[in-house]
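These values consider heavy atoms only, across backbone and side chains, with no hydrogens, waters or symmetry-generated copies. Each chain gets a letter, A, B and so on, in the order its sequence line appears, and its residues count up from 1.
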2 protein chains.
Amino acid sequence: MAEGTSGPRKRADARRNEQNLLEAAAAAFRAAGVDAPVRDIATRAGVGVGTIYRHFPTRADLIVAVYRHQVEACAEAGPALLAGSDSAHAALRRWIDLFADFLITKHGLAGALRSDDDAFRSLHAYFLDRLVPVCDRLLAAAAAAGEIRADIPALTLMHGVGNLCIGADQDPRYDARRLVGLLLAGLRVPEPPEQTRAY
Amino acid sequence: MAEGTSGPRKRADARRNEQNLLEAAAAAFRAAGVDAPVRDIATRAGVGVGTIYRHFPTRADLIVAVYRHQVEACAEAGPALLAGSDSAHAALRRWIDLFADFLITKHGLAGALRSDDDAFRSLHAYFLDRLVPVCDRLLAAAAAAGEIRADIPALTLMHGVGNLCIGADQDPRYDARRLVGLLLAGLRVPEPPEQTRAY
DNA sequence: TTCACAAACGGAACACTGTTCCGTATCGTC
DNA sequence: GACGATACGGAACAGTGTTCCGTTTGTGAA
């Protein structure tokens, strides 16, 4: 995974191709979303399709590689926001906005995160592993400060925000950020009496 | 569209096949979601694929035909709930629960509703045409009663609820109904000061 | 009852996906 | 320069949706 993991150094052409592939994939994702056809990416990179699969066995691997920096940045922004904000809730809100912005600007990424396709399972896992703990800390801090309810798991919230971001770049009438704000607002109030849960 | 629209009556075998197709599609959708392969549906119905396309030119047409009754029922429940509930907000809440339940129990329907695939455009249009006005009335009534904010368009809310329902049947840890409830709760409070909107 | 023709059917064929596999080319080393 | 390991390319396969047209079937008229 990480660059420096022991093992014999890869051949020069392999390293070059991997780099080309990352750039080509980033461009293809920008142009056609994270579902861009494998052949398109291969052509952009000037390699055969086999080379893609050798370097990135699943599409998830490729997507993770392309967006790893941004996911890491998002993860690191959590504690920083918590330290630098007036309230934990404000930090949470800003962090969620960061996360939502990231998803909204990556065509189809939010959808891929929700796909039940096996090829996307590890993408899902990576996002969750990396970001849920961060979200959890923000949530816990805000709950401890009495600013929000304490009964929503970070995983649930992130799923929800991710879902709200699906298709946000396709319909100008759909304001995902607004809905995310609404969801966060819903977090502030105690759950209303459950008149409707018992059908 | 409607059964009774003039024109010469269809041939008996055509009517029979259409009926078989509807039942086969319903079964296939239950078993494999609304993305069930065309050939599967054709086989279940004992017809060739050409016959599907003759009766239902796009997948959206087939889905709409299969679920029309339930969508209509949902649409009709709106005014009924408004008349029979203590408050407009309670009616809204119940109606949204109805809508969410419908989506959650139909594998992949929520996702299809969000797809940018051309084949699903008319599905999207049908749902919106039929349900947005209903939602709008509930929203307007609740807003008029001062129970919720008045600045969220029905279209936006329905998109949001639909999105939250995506994948709800795939991950037991994901509680879509809970999040929908949170969204509704967010509707009750005035929008918090926008500290984060101006980055 | 038979006939003729419009209506409808079936499924082969095509286009476009992802994925695998192996003969060939290239790199790094001795 | 030669050799072995590494990596490459793209043909081939499998699974989708969709179209098209030769064949079959239903129906109304003779």
Please determine whether a side-chain nitrogen of the Lys or Arg among A:D171 and A:R173 lies less than 4.0 Å from a carboxylate oxygen of the Asp or Glu. yes
Just how far, in rounded Å, is C1' of C:dC27 from CD of A:E18? 17 Å
Within this structure, what is the CG-to-C1' distance between A:D118 and D:dG15, rounded to whole angstrom? 15 Å
Report the relative orientation of the aromatic rings in A:F102 and A:Y67; use parallel for angles under 30°, tilted for 30 to 60°, perpendicular for over 60°. perpendicular
Here the residues of residues 32-41 of chain B within 4.0 Å heavy-atom distance, strictly under, of DNA chain C are B:R39
Can you check whether B:N17 has a side-chain N or O nearer than 4.0 Å to OP1 or OP2 of C:dA8? no
With sequence neighbours left out, write down each residue that passes ring-ring contact (aromatic ring centres under 6.0 Å, His included) with B:F120, or none if nothing qualifies. none
Under the side-chain hydrogen bond (donor to acceptor under 3.5 Å, both in side chains) rule, what pairs show up with a residue in residues 118-132 of chain A, not counting sequence neighbours? A:E72-A:Y126, A:E72-A:R130, A:D118-A:R121, A:H124-A:H159
Could you give the CG-to-C1' distance, from B:N20 to C:dA8, as a whole number of Å? 14 Å
Counting only heavy atoms and a strict 4.0 angstrom limit, can you tell me which residues of residues 42-56 of chain A come near DNA chain D? A:G46, A:V47, A:G48, A:V49, A:G50, A:T51, A:R54, A:H55
Interatomic distance, A:R16 CZ vs C:dG28 P [rounded to whole Å]: 8 Å
Can you tell me the distance, in whole Å, between the CZ atom of B:R15 and the P atom of D:dT25? 18 Å
Rounded to whole Å, CG of A:D13 lies from P of C:dG28 at a distance of 7 Å
Does anything in residues 27-47 of chain B pair up under salt bridge (Lys or Arg N to Asp or Glu O under 4.0 Å), and if so which pairs, sequence neighbours excluded? none
Distance check: side-chain N/O of B:R11 vs OP1/OP2 of D:dT25, anything under 4.0 Å? no
If you look at every heavy atom in B:P79 and B:R137, which pair is closest and at what distance? CG-NH1, 4.2 Å
For A:E147 and A:S87, the nearest pair of non-hydrogen atoms, with its separation, is OE2-CB, 3.1 Å
Could you state the CG-P distance from B:L62 to D:dG17, rounded to the nearest angstrom? 12 Å
Any pair with a residue in residues 155-165 of chain A that passes salt bridge (Lys or Arg N to Asp or Glu O under 4.0 Å), sequence neighbours left out, goes on the list, sorted by first then second residue, please. none
Is the closest basic N to carboxylate O distance between B:D101 and B:R177 below 4.0 Å? yes
